[in-house]
Amino acid sequence: MKEIVGIPASRGIGIGPIFQFVRQELIIEKRSNIQSEVELKRLNDATSTAKDQIESIYEKVLKESGEADAEIFQAHLMILEDPELFAEVENKIKNQDKSAELAMQEAGQSFSNIMAAMKDEYFAARATDILDVSNRVLRILLGIAESPTAALKEPSVIMADDLTPSDTVMLDKSLVIGFCTSRGSATSHTAILARGLGIPAVAGAGDEILSLKNGTEVILDGTKGTAIFAPDNKLITEYRQRIKAANTIREEAMKFAKDPAITKDGKQIEVVANIGNIEGAKSAIENGAEGVGLFRTEFLYLERTKLPTEEEQFQVYKDILNVFGDMPVILRTLDVGGDKEISYMGLEAESNSFLGQRALRLCLVRPDIFKPQLRAALRAGVGYNLKIMFPMVATANEVRAARKVLGECAAELKDEGVKIAEDIEIGIMVEIPSAALVADQLAKEVDFFSIGTNDLSQYTMAADRTNPKVAELSNAFFPAVLRLVREVIRDAHKAGKWVGMCGELAGEPLALPILLGLELDEFSMNPPMIPLAKQIIRSLDTRDMKEIADQALELESPSDIQDFIKEKIPFIAEITG
């Protein structure tokens, strides 16, 4: 019996035999006497066939999983139409006398490598998508149509170096118990699809998993990020009991998803959603969200060839606000930067871009990007409960500068005779330790805080949360992170301001008692977590949680804190195992 630790990618437990997912190697032989016109026609024919295939997959995912997951394949269509990628392919054919296969392979690998090298986890994860699309074209050119899962005959846990979105979607879901990959992250499209399908997944588990034999029994725990190989019968029985108990609790939670989350001592807690598009908005409502704690507007800018116009942004914001009516919606301004290399923005490369000119820092020096977004938000917010939040804030001066630009946009629109939303609440993300340490000063400049624990954890612990080698350190349960959270809430409340949290910690069952005890005002999370979070909150008394939080923050490690919560609150232990 052996346990391997990876990155939690999709919650849940799966038990079953291993199936090793091995792709057929794409072998490309160099050819002489290349006729560029012939190769260009072959390339065009292959991309046309690839387009048909991706559109068919899109329809399949739309039917099985809904629009949010299907959008991944709309992105694949955009990659297939990327002028820069295919200009490079055509250049290799015309000017370097390369075959369509060799040109496609080299260009696809080159563009994928650029993405994979980025320090931002979202864009690094897109490297897999580029390879997925380029390899699809390659298989068509090579006449390869064999499926790596042709031998999959019984429900199994899929082991792979990594899985592309196409790999994931084309699997027979009735035969998939879970996914475990040696590479990848919790933000890869495969992880997103796994969560959408409700399939447990562990990423970044290392190459050792690839040497395990087909048929070996494994317990996959997507909540903890572990895989236990060749477990004994006693452990299997224990995990099956956990699965049964957790399923019962989740089914019950869904029945009351749209009811308010009121604690045992009568305190109503606001539970809202993190979303990035209209599909996410609809999912949030279905799962009982009481508004939006984080609207990630950067998705409007990604996988495009030019900046979205003010009018395009206005329409998207309006559509999303309309879904929520008078519920609060917090719009986070653009959160991209030099590490994300959005070609049409003309961003300069930076040696340490994750700590560079990104998010609000970028927007303050690029009014051509910042102002259209703020103008669109001010226009769309008329008649709705819109709030605006600035990301990556480190100093009070940055907040004042951002508010000044917002004021200029409001004045311009009024001069133009355009109606705008008045008295919008303005907040900031607290995701940099400096902001947490001067929260008392920042509270004078804003109406609210929203704590982003994903970045706050990695900046506090100096550990890249996308790197499996140090992922354990990038954990919001470390006392250092939780104590910063406590101080932010205390300083905000002293100033009469409210505090939300939109990081992953806000939807973590074991964290809910601590956050309630620290008097967090608003919990924002991925929509599927909302029913369970509400159910847990209803089972707790905030007066008791204050004592539990105080005790938890005196412990030394994440595991100590998590074990302590399980011991004190058995109901949550049942859910989390």
Side-chain angles (χ1 to χ4, degrees), residues 3-13 121 185-187 191 200-206 219-228 239 242 246 430-433 436 451-489 501-518 520 523 525-526 529 532-533 536 540 545-577:
E3 179 176 275
I4 292 176
V5 178
I7 299 170
S10 180
R11 299 182 69 88
I13 296 169
E121 61 179 303
S185 73
T187 58
V202 174
I219 296 173
L220 191 73
D221 190 333
T223 304
K224 291 182 178 178
T226 61
I228 303 172
Y239 268 88
R242 291 183 187 179
V430 178
E431 50 193 336
I432 300 176
I451 303 173
T453 51
N454 301 357
D455 273 339
L456 184 62
S457 301
Q458 70 172 351
Y459 288 139
T460 301
M461 302 305 297
D464 180 358
R465 58 192 164 103
T466 70
N467 183 346
K469 294 178 181 179
V470 295
E472 265 187 51
L473 282 172
S474 183
N475 187 329
F477 277 99
F478 269 107
V481 180
L482 292 174
R483 289 184 185 188
L484 285 177
V485 170
R486 177 179 62 189
E487 295 311 308
V488 171
I489 295 172
M501 180 180 286
C502 56
E504 291 292 331
L505 194 70
E508 168 55 53
L510 288 170
L512 294 176
I514 298 171
L515 298 175
L516 276 176
L518 296 178
L520 184 71
F523 294 70
M525 62 199 70
N526 293 326
M529 284 304 302
L532 184 58
I536 292 172
L540 304 174
M545 295 309 104
K546 289 178 183 179
E547 183 178 343
I548 283 177
D550 288 342
Q551 294 176 40
L553 267 62
E554 293 302 315
L555 300 174
E556 290 187 359
S557 71
S559 59
D560 289 342
I561 292 172
Q562 291 165 331
D563 289 344
F564 173 73
I565 297 300
K566 289 179 183 179
E567 179 188 336
K568 290 291 184 180
I569 310 171
F571 170 70
I572 297 179
E574 288 180 41
I575 301 168
T576 59

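All values below come from the heavy atoms of this structure, side chains included, with hydrogens, waters and symmetry mates left out. Positions are given from 1 along the sequence.
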**Asked** Can you list the steps and then say if E431 with N454 is a side chain to side chain contact (heavy atoms under 4.5 Å, CB included)?
**Response** CA-CA 8 Å; E431 50 193 336; N454 301 357; over 6 Å; no
**Message:** Please report the interatomic distance CG(L482) to OG1(T460), rounded to the nearest 0.5 Å.
**Reply:** 10.0 Å
**Message:** Walk me through whether L553 and I514 qualify under side chain to side chain contact (heavy atoms under 4.5 Å, CB included).
**Reply:** CA-CA 9 Å; L553 267 62; I514 298 171; 4.0 Å; yes
**Prompt:** Nearest 0.5 Å, what's the CG-CG distance between N475 and L505?
**Reply:** 8.5 Å
**Prompt:** Nearest 0.5 Å, what's the CD1-CD1 distance between I536 and I572?
**Reply:** 5.0 Å
**Fill in**
Taken to the nearest 0.5 Å, the spacing of I548 CD1 from E567 CD works out to 10.0 Å
**Fill in**
For P8 and G222, the nearest pair of non-hydrogen atoms, with its separation, is CB-O, 3.3 Å
**Message:** For R242, run the side-chain contact (heavy atoms from CB on, under 4.5 Å) check against I13, T223, I219 and tell me which one passes.
**Reply:** I13
**Request:** Measure from the side-chain N and O atoms of R486 to the backbone N and O of L518, and report whether any donor-acceptor pair falls under 3.5 Å.
**Result:** no
**Gap separating the CG atom of D563 from the OG atom of S557, nearest 0.5 angstrom** = 8.0 Å
**Message:** If you define the side chain from C-beta out and look only at heavy atoms, does anything of E504 sit under 4.5 Å from N526?
**Reply:** yes
**Request:** Over all heavy atoms of both residues, which pair between M461 and L473 is shortest? Give the atoms and the distance, please.
**Result:** CG-O, 3.2 Å
**Message:** So which atom in M525 and which in A506 form the shortest heavy-atom distance, rounded to 0.1 Å?
**Reply:** CE-O, 3.3 Å
**Message:** Which heavy atom of P509 sits nearest to which heavy atom of L532, and what is that distance?
**Reply:** CG-CD2, 4.4 Å
**Complete:** Closest heavy-atom pair, P200 versus L220, reported as atoms and distance to 0.1 Å, is O-CD2, 3.8 Å
**Steps toward side chain to side chain contact (heavy atoms under 4.5 Å, CB included) verdict (R11, E508)** = CA-CA 10 Å; R11 299 182 69 88; E508 168 55 53; 3.4 Å; yes
**Message:** Can you give me the closest heavy-atom contact between V202 and D221, atom names plus distance?
**Reply:** CG2-O, 3.6 Å
**Asked** If you round to the nearest 0.5 Å, how far is CD1 of I569 from CZ of F564?
**Response** 8.5 Å
**Request:** Please say whether more than 12 non-hydrogen atoms of neighbouring residues, nucleotides or ligands are located less than 6.0 Å from CD in E547.
**Result:** no
